[in-house]
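Remember, it's a predicted structure, so these values are computed and weren't measured experimentally. Worth knowing before you read on, the calculation uses all heavy atoms, side chains too, and leaves out hydrogens, waters and symmetry mates.
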Amino acid sequence: MKNKLEAETPDADRLSWREQAVARSLDSARLRAESRVQRFLDAAIELLNAGPSKDFTVQEVVERSGQSLRSFYQYFGGKHELLLALFEESVRSTAERLRDVTAQEDEALERLHRFVVEYYLMCRPVEAPKTVVSVRPPLIAEFAQQLLTTHPKEAARAFVPLVALFEELLDEAVAAKAIREDLRRGPTVGVVLEVIMFNAFSSTIGGSSVRPDDHSSAEELWKFVLYGIGNITPD
């Protein structure tokens, strides 16, 4: 039988890396811990956005944050945990933005349409508004690809806010009979999100110019998704 302390201890697998970092401090110092963790995250974002290089050292983060190395390791086990926290923050803010914009549509299929188009545009290799994604999209996409390959469990946990929103939109579209009912949720969500994220770089790979206000590529991707999951077929 677990004792009281063990019963009240949060399950690490249920917490985000940011939450784990903050939870390592005493409850009485939680607000101070939140502030310190955020300063480390802000410093890392500034370093990532400062130039073309995506690399930085823990010491550089510590110096830019104005805190100590000891303090850094109080909250993070190393650079990898810091990157995971940054990735989770980016996914969370992206999901919040997508929830806001999809809520503007009245029809279930149009909400799904808006999700695909807006998420594609957010992932484009151009400068995104800071209120949407704090770290440059190419760096987030590259880290996501590495994470999905090397740490699938951690990646799945990081993507929870985005996956949850897309599943909601799929369920609404199924209820409205706008898309097929026989879709398996897990594989469908994973395939569509991966297609959106990594096809956002197709123009760059093909040598085309990338413009943040060009919706034509986003609409083409939407048609690709719709003909795969929808109840309609192309003319």
Participant: Would you say that more than 12 heavy atoms from the other residues, nucleotides or ligands in this model lie under 6.0 Å from the CD of Gln104, or not?
Facilitator: yes

Participant: Contact between Gln74 and Gln67 at the side-chain level, heavy atoms closer than 4.5 Å - yes or no?
Facilitator: no

Participant: Is there side-chain contact between Leu109 and Leu226, with heavy atoms separated by less than 4.5 Å?
Facilitator: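 When only atoms from C-beta onward are counted, Leu226 and Leu109 do touch, with a gap below 4.5 Å.
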
Participant: If you count the non-hydrogen atoms of other residues, nucleotides and ligands that lie under 6.0 Å from CZ in Arg185, is the total more than 12?
Facilitator: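 More than 12 heavy atoms, drawn from other residues, nucleotides or ligands, come within 6.0 Å of this atom.
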
Participant: Quick check: is Met197 connected to Val160 through a chain of hydrophobic side chains (ILVMFWY, heavy atoms under 4.5 Å apart)?
Facilitator: no

Participant: For the residue pair Trp17 and Leu83, establish whether any side-chain heavy-atom pair is separated by less than 4.5 Å.
Facilitator: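 No, too far: nothing below the 4.5 Å cut-off.
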
Participant: Check the surroundings of atom CG in Asp100: do more than 12 heavy atoms from other residues, nucleotides or ligands lie under 6.0 Å from it?
Facilitator: yes

Participant: Is there a side-chain contact between Phe115 and Leu162 in this structure, where contact means two heavy atoms from C-beta onward sitting under 4.5 Å apart?
Facilitator: yes

Participant: Is the Lys NZ or Arg CZ of Lys79 less than 6.0 Å from the centre of Phe56's six-membered ring, within 45° of the axis?
Facilitator: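 Lys79 over Phe56 ring: yes.
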
Participant: Whether the side chain of Arg111 engages the backbone of Thr102 through a donor-acceptor N/O pair (distance < 3.5 Å, no angle test) should be reported.
Facilitator: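 Answer holds: no.
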
Participant: Just how far is it from atom CG of Leu47 to atom CG of Asp42, taken to the nearest 0.5 Å?
Facilitator: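 Going from the CG atom of Leu47 to the CG atom of Asp42 covers 11.0 Å.
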
Participant: Can you find a pair of side-chain heavy atoms, one from Ile45 and one from Glu89, that are under 4.5 Å apart?
Facilitator: no

Participant: List the atom of Phe166, the atom of Val192, and the distance in Å for their closest heavy-atom pair.
Facilitator: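 It is CZ-CG1, 3.5 Å.
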
Participant: For residues Val61 and Phe40, report the shortest heavy-atom separation together with the two atoms involved.
Facilitator: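 That would be CG1-O, 3.7 Å.
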
Participant: Are any of the side-chain nitrogens in Glu88 or Arg92 under 4.0 Å away from the carboxylate oxygens of its partner?
Facilitator: no

Participant: Identify the heavy atoms of Tyr73 and Gly78 that sit nearest to each other, and give their distance.
Facilitator: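 Where Tyr73 meets Gly78 most closely, the heavy atoms are CE2-CA, 4.0 Å.
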
Participant: For Tyr119 versus Phe159, what's the shortest heavy-atom pair and its separation?
Facilitator: OH-CE2, 4.3 Å

Participant: Looking only at non-hydrogen atoms, find the nearest pair between Glu60 and Thr57 and report the distance.
Facilitator: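 Scanning both residues completely, I find the closest heavy atoms to be OE1-N, 2.9 Å.
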
Participant: Can you tell me how far apart CD (Glu172) and CD1 (Ile179) are? Round to the nearest 0.5 Å.
Facilitator: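 Spacing of CD (Glu172) from CD1 (Ile179) equals 10.5 Å.
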
Participant: So which of Lys223, Glu219, Glu118 actually passes side-chain hydrogen bond (donor to acceptor under 3.5 Å, both in side chains) with His113?
Facilitator: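 Among the candidates, only Glu219 passes.
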
Participant: If you measure from CZ on Arg180 to OG1 on Thr188, what distance do you get to the nearest 0.5 Å?
Facilitator: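 Spacing of CZ (Arg180) from OG1 (Thr188) equals 7.5 Å.
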
Participant: Tell me whether Ser90 contacts the main-chain N or O of Leu86 through its side chain, where contact means a donor paired with an acceptor under 3.5 Å.
Facilitator: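 Checking the backbone N and O of Leu86 against the side chain of Ser90, no donor-acceptor pair under 3.5 Å is found.
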
Participant: Restricting to non-hydrogen atoms, name the atom on Gly66 and the atom on Arg39 that form the minimum distance, rounded to 0.1 Å.
Facilitator: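 Answer, listing the atom of Gly66 first, then Arg39: O-NH2, 3.6 Å.
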
Participant: Any luck finding a side-chain donor-acceptor pair between Gln59 and Glu63 under 3.5 Å?
Facilitator: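 Distance-only check passes for Gln59 and Glu63.
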
Participant: Could you tell me whether the side chain of Tyr75 reaches within less than 4.5 Å of the side chain of Leu82, counting heavy atoms only?
Facilitator: no

Participant: Would you indicate whether Glu107, at its atom CD, is surrounded by more than 12 heavy atoms from other residues, nucleotides or ligands within a distance under 6.0 Å?
Facilitator: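 Not more than 12 within 6.0 Å, no.
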
Participant: Distance check, rounded to the nearest 0.5 Å: Glu154 atom CD versus Leu84 atom CG?
Facilitator: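 So the CD of Glu154 and the CG of Leu84 are separated by 5.0 Å.
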
Participant: Can you list the steps and then say if Glu34 with Gln38 is a side-chain contact (heavy atoms from CB on, under 4.5 Å)?
Facilitator: CA-CA 6 Å; Glu34 281 276 8; Gln38 190 60 53; 5.8 Å; no

Participant: How long is the straight-line distance from CD of Glu46 back to OG of Ser65, given to the nearest 0.5 Å?
Facilitator: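 One finds 10.0 Å between OG of Ser65 and CD of Glu46.
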
